[in-house]
K.L.:
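There's a structure below that I have some questions on.
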Amino acid sequence: TPIFVQTDKAIYKPGQLVHYRVFAVYPDLQLFQGNFTIEIKDPNNNKIDFLPEMVSTNGVVEGSLGLADQPIFGDWTIVVKIQTETRVDTYSKSFTVQQYQLPRFEVTVDMPSYVLLSDTALRGTVKATYTFGQPVEG
């Protein structure tokens, strides 16, 4: 039985909330209606959260994990297990926790404030500058 794990984004910063959703689908596309066991592990394989026997609402389990202000950086893993009549299925999904990085350059686009339908061309300028003020070549 395929298990799907979705997160609201791929990269998180310290202190943010990781939202996730879990569901499983049978080959006939019916949603699995049983219980899910969910584990969340940090990059050192420490078990940060363990949610046994999570009951699905209409076949979907939703949850969240608040990251600490100083978490371990790297790839974290959500591991999901379900017990069907014949076997145990497992699936894992990774997300990244990293420190905020300032953008290395800024892009500005200058366009005319209006355009006429009769205009055959649209002119403008695109500028890219590094955060230390020098222009980006290219």
Side-chain angles (χ1 to χ4, degrees):
T1 305
I3 302 170
F4 298 92
V5 178
Q6 299 173 325
T7 56
D8 60 326
K9 49 190 177 176
I11 300 174
Y12 296 89
K13 299 179 205 104
Q16 287 188 323
L17 200 58
V18 178
H19 294 282
Y20 58 87
R21 178 182 359 206
V22 176
F23 61 96
V25 180
Y26 289 110
D28 64 358
L29 300 181
Q30 295 296 313
L31 286 173
F32 172 75
Q33 296 293 329
N35 295 339
F36 294 81
T37 298
I38 301 170
E39 293 179 2
I40 301 178
K41 297 180 180 183
D42 71 12
N44 295 337
N45 213 27
N46 297 315
K47 203 180 289 186
I48 302 302
D49 205 354
F50 179 68
L51 306 162
E53 305 297 319
M54 292 296 297
V55 178
S56 63
T57 304
N58 298 324
V60 179
V61 171
E62 293 181 313
S64 59
L65 172 74
L67 294 172
D69 290 335
Q70 295 181 352
I72 298 174
F73 296 124
D75 292 333
W76 290 51
T77 308
I78 300 172
V79 180
V80 179
K81 296 179 185 174
I82 61 171
Q83 173 73 51
T84 62
E85 294 176 7
T86 57
R87 65 179 198 233
V88 174
D89 289 324
T90 304
Y91 179 79
S92 62
K93 161 101 174 160
S94 295
F95 62 90
T96 302
V97 177
Q98 67 184 31
Q99 198 164 12
Y100 178 73
Q101 296 175 342
L102 286 171
R104 297 183 183 169
F105 61 91
E106 177 184 24
V107 177
T108 56
V109 179
D110 291 320
M111 302 291 294
S113 57
Y114 64 92
V115 200
L116 299 175
L117 289 175
S118 60
D119 290 346
T120 58
L122 178 64
R123 295 190 185 272
T125 54
V126 177
K127 269 191 220 175
T129 52
Y130 290 105
T131 53
F132 52 84
Q134 296 297 315
V136 175
E137 298 293 325

K.L.:
What residues form a side-chain hydrogen bond (donor to acceptor under 3.5 Å, both in side chains) with Gln6, not counting sequence neighbours?
P.N.:
Arg21
K.L.:
Tell me, which pairs form a ring-ring contact (aromatic ring centres under 6.0 Å, His included) where one or both residues lie in residues 119-138, sequence neighbours left out?
P.N.:
Tyr130-Phe132
K.L.:
Do you know the tightest heavy-atom contact between Ser64 and His19?
P.N.:
CB-ND1, 3.8 Å
K.L.:
With the side chain counted from C-beta on, respond yes when Asn58 and Leu31 share a heavy-atom pair under 4.5 Å apart, and no when they do not.
P.N.:
no
K.L.:
Which atom names give the shortest non-hydrogen contact between Gln99 and Pro14, and what distance separates them?
P.N.:
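Residues Gln99 and Pro14, closest heavy atoms: CA-CD, 4.4 Å.
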K.L.:
Kindly work out whether a path of hydrophobic side-chain contacts (I/L/V/M/F/W/Y, heavy atoms less than 4.5 Å apart) joins Phe4 to Leu29.
P.N.:
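Same cluster: Phe4 reaches Leu29 through Ile, Leu, Val, Met, Phe, Trp or Tyr contacts under 4.5 Å.
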K.L.:
Do Leu65 and Val60 sit in the same hydrophobic cluster, where Ile, Leu, Val, Met, Phe, Trp and Tyr count as joined when their side-chain heavy atoms come under 4.5 Å apart?
P.N.:
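Shared cluster, no.
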K.L.:
Do Tyr26 and Phe32 come close enough that some side-chain heavy atom pair is under 4.5 Å?
P.N.:
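The answer is yes; the side chains approach within 4.5 Å.
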K.L.:
Going through the distances and angles, do Lys93 and Thr7 end up as a side-chain contact (heavy atoms from CB on, under 4.5 Å)?
P.N.:
CA-CA 9 Å; Lys93 161 101 174 160; Thr7 56; 4.0 Å; yes
K.L.:
Heavy atoms only: give me the nearest Asn45-Lys41 pair and the separation to one decimal.
P.N.:
OD1-CD, 3.1 Å
K.L.:
Return the set of residues passing side-chain hydrogen bond (donor to acceptor under 3.5 Å, both in side chains) with Gln16 (not counting sequence neighbours), or none when no residue passes.
P.N.:
Lys9
K.L.:
Would you be so kind as to tabulate the donor-acceptor pairs closer than 3.5 Å made by side chains of residues 105-124, with sequence neighbours excluded?
P.N.:
residue: Asp119; atom: OD2; partner: Leu116; partner atom: N; Å: 3.1

K.L.:
Nearest 0.5 Å please: distance from the OG atom of Ser92 over to the CD1 atom of Ile3.
P.N.:
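So the gap between those two atoms works out to 10.0 Å.
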K.L.:
Between Asn46 (side chain) and Ile48 (backbone), is there a donor-acceptor pair under 3.5 Å?
P.N.:
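Such a contact is absent between Asn46 side chain and Ile48 backbone.
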K.L.:
Verify salt bridge (charged side-chain N to carboxylate O under 4.0 Å, His left out) between Lys47 and Asp49, making sure each step is shown before the conclusion.
P.N.:
CA-CA 6 Å; Lys47 203 180 289 186; Asp49 205 354; over 6 Å; no
K.L.:
Following the transitive rule for hydrophobic clusters with a side-chain heavy-atom cut-off under 4.5 Å over Ile, Leu, Val, Met, Phe, Trp and Tyr, establish whether Phe23 and Val5 coincide in one cluster.
P.N.:
no
K.L.:
Anything under 3.5 Å between a donor and an acceptor, one on a side chain of residues 67-83, the other on a protein residue two or more places apart or in another chain? List them.
P.N.:
residue: Asp75; atom: OD1; partner: Thr96; partner atom: OG1; Å: 2.8
residue: Trp76; atom: NE1; partner: Ile72; partner atom: O; Å: 2.9

K.L.:
Sequence neighbours left out, what passes side-chain hydrogen bond (donor to acceptor under 3.5 Å, both in side chains) with Asn35? Give chain and number order.
P.N.:
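Partners of Asn35 by the side-chain hydrogen bond (donor to acceptor under 3.5 Å, both in side chains) criterion, ordered by chain and then number, come out as Glu53.
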K.L.:
Does the side chain of Asp8 come within less than 4.5 Å of Tyr20's, by heavy atoms?
P.N.:
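Sidechains of Asp8 and Tyr20: no contact.
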